[in-house]
Amino acid sequence: MSDSPKKPLRSRQWFGAGGKQGFYYRSWLKGLGAPNDMFDGRPVIGICNTWSELTPCNSSFRDLAEHVKRGVYEAGGFPLECPVMSLGETQMRPTAMLFRNLASMDVEESIRANPVDGVVLLMGCDKTTPSLLMGAASVDLPTIGVSGGPALSGNWRGKPLGSGTGVIEMSEMVRAGTLTQAEFTEAEACMQRSRGTCMTMGTASTMASLVEALGMALPENAAIPAVDSRRMRLAHLSGRRIVEMVREDLSMSKILTREAFENAIRANAAIGGSTNAVIHLLALAGRLGVPLTLDDWDRIGSNLPCLVNLKPSGQYLMEDFYYAGGLPAVLREIATHLHLGAMTVNGRTLGENIAEAPCWNRDVIRPLAEPLMASAGIAVLRGNLAPDGAVIKPSAASPHLLKHRGRAVVFEDIEDFKARIDDETLDIDDTSVMVLKNCGPRGYPGMPEVGNMPLPPKLLRRGITDVVRISDGRMSGTAYGTVVLHVSPEAAAGGPLALVREGDFIELDVAGRRLHLDVSQEELTRRRASWKAPAAPSRGYARQYVEHVQQAHQGADMDFLVGGSGDQVDRDSH
Ligand code: FES
């Protein structure tokens with residue numbers, strides 16, 4: 001490691017300045033107790049912290065930041081921590097996803113406007129990972145990710161209870177009359193037993209895994225439990241490493257190449273990852289100018305097997321995954337499918353990082369030759385119902401429904417769904433296809449996780465646990481079922497989904513990648529003539545979002561945020 005940076009430090013534009021301006025830049029920071037030598041030309045490291053008690057999954061991040069700082073100081077850097085918008089998946093209404101792009105703007109401008117040379121991103125709960133990556137990518141400084149880690153395994157009456165997945169299962173049992181409300185309430189405290197993110201392979205664990213697969217975090221980032229001392233060690237080492245990355249000028253765009261994204265898509269298949277990763281990676285690639293399309297997900301990842309036996313696709317939880325070897329063991333198993341020369345934040349290639357990765361439990365991480373499921377990656381469907389595409393996660397679906405033709409039971413929006421789903425007179429059976437409209441990026445601003453519609457009690461009581469469901473919304477990574485999501489264009493943008501009526505027949509053929517509405521073009525044209533776009537928000541961020549958000553197949557980023565503005569700011573503040 002050389003002590004002199006390859007590229008002049010941008011922080012010198014602040015701290016190396018003379019006169020009144022330099023005084024401003026240094027004096028107020030000296031008020032924190034920073035000695036003179038913190039301004040002597042050492043790398044300044046910004047730590048973007050999403051700590052918040054309203055994001056309980058990230059509530060360990062004050063401690064984590066302190067461990068990062070230790071590493072930064074040790075390596076000769078000057079750490080400065082700053083809060084950035086935190087998105088709590090479980091608390092925010094109407095959905096945390098509405099604010100992903102807003103948080104990314106906060107992160108981008110917080111980095112660019114300040115005297116930092118390198119960045120550490122502390123991220124955990126679902127949307128905190130893509131928002132921080134997207135914002136940082138649009139600045140493109142040397143950047144390292146540190147995920148907060150999953151919570152300890154949930155346990156209810158001696159049985160594993162997985163975040164999200166357990167809630168969905170138990171709530172269906174309550175609705176079917178096989179679990180009491182008191183038992184359901186008791187389970188609340190048994191699921192999230194410690195700080196940390198959802199401990200199923202939901203969106204948070206998926207994104208933490210993909211951060212590692214992309215090369216944006218040190219090995220083992222994905223799975224070390226939040227409260228395990230090794231998570232603090234990882235933070236400490238990440239603090240040391242970011243200082244070196246600044247000296248090496250190892251910026252984000254040197255790591256997030258097309259090859260890195262292809263590695264992440266393949267990793268997502270192998271872990272049985274969340275469909276939300278599709279939207280987040282498309283948006284992230286857009287920030288970097290890396291060409292990536294929805295069809296790449298199918299072409300690159302759909303024929304890979306799922307090796308990780310974790311809920312919701314399998315039976316174990318993230319703690320088990322870590323003890324079994326975590327993501328490095330999975331990547332080693334699929335090494336022949338990866339770009340092993342892809343650079344990672346530790347200055348080594350992905351291939352070097354995983355070459356010796358051990359696996360300690362072959363039931364949790366299956367060998368490539370004996371997968372949990374064959375061909376488990378995201379499948380992209382097209383047809384007259386989804387001209388720009390829709391996605392399904394076959395590993396979470398019922399095999400007997402992957403090819404299906406059924407009569408549509410249509411809900412015009414989420415209010416219509418909630419008003420009628422428990423109605424015993426609802427005309428629905430196990431061959432029906434449930435259709436939910438107006439839950440896309442514009443229709444239910446933010447595109448909430450409502451696509452895995454709960455089934456009606458009358459079917460649950462008959463022991464039916466899955467029917468085909470189609471919507472323009474998203475689904476929690478902890479959810480499961482034969483659920484077609486992200487239908488694009490969405491209903492609120494005038495997509496064909498808006499034209500589906502009760503009793504229409506719909507054909508789903510996952511192997512054939514087909515989603516077809518069995519209604520003539522003439523009839524659809526007639527229906528379109530009477531279609532009206534739903535009302536849009538009248539002010540504020542929600543209005544800006546609806547006016548500028550792109551469709552799901554493009555990553556649902558705002559059109560004016562695609563790309564980056566770099567790290568240069570020409571004007572002084574006073
Ligand atoms: Fe925060 Fe799942 S709700 S990680």
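The basis for the numbers below is simple: all heavy atoms, side chains too, and nothing from hydrogens, waters or symmetry mates. Nothing here was measured: the structure is a model prediction, and the numbers come from that model. One-based numbering, in listed order, for ligands and for the atoms of each.
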> Just by modelled atom types, is the Ala379 backbone N or O under 3.5 Å from a matching donor or acceptor in the Ser302 side chain?
Replying inline: no
>> For a 4.5 angstrom cut-off between non-hydrogen side-chain atoms, does Gln181 reach Glu186?
In response: no
>> Consider side chain to side chain donor-acceptor pair (under 3.5 Å). Of Thr206, Thr203, Thr478, Asn268, which one does Ser274 pass it with?
In response: Thr203
> Using heavy atoms and a threshold below 4.0 Å, how should the contact between Cys198 and ligand 1 be classified: side chain, backbone, both, or neither?
Replying inline: both
> Any idea which part of Cys57 is under 4.0 Å from ligand 1, heavy-atom wise: side chain, backbone, both or neither?
Replying inline: side chain
Can you tell whether the side chains of [X] and [Y] come within less than 4.0 Å, N to carboxylate O?
{"X": "Lys69", "Y": "Glu66", "value": "yes"}
{"X": "Arg175", "Y": "Asp422", "value": "yes"}
{"X": "Arg62", "Y": "Glu53", "value": "no"}

Using a 4.0 Å cutoff against the non-hydrogen atoms of [X], which atoms of ligand 1 qualify?
{"X": "Cys125", "value": "1 (Fe), 3 (S), 4 (S)"}
{"X": "Glu89", "value": "3 (S)"}
{"X": "Asp126", "value": "2 (Fe), 4 (S)"}
{"X": "Ala204", "value": "4 (S)"}

> So which of Thr197, Thr90, Thr478 gets nearest to atom 3 (S) of ligand 1, if we judge by its closest heavy atom?
Replying inline: Thr90
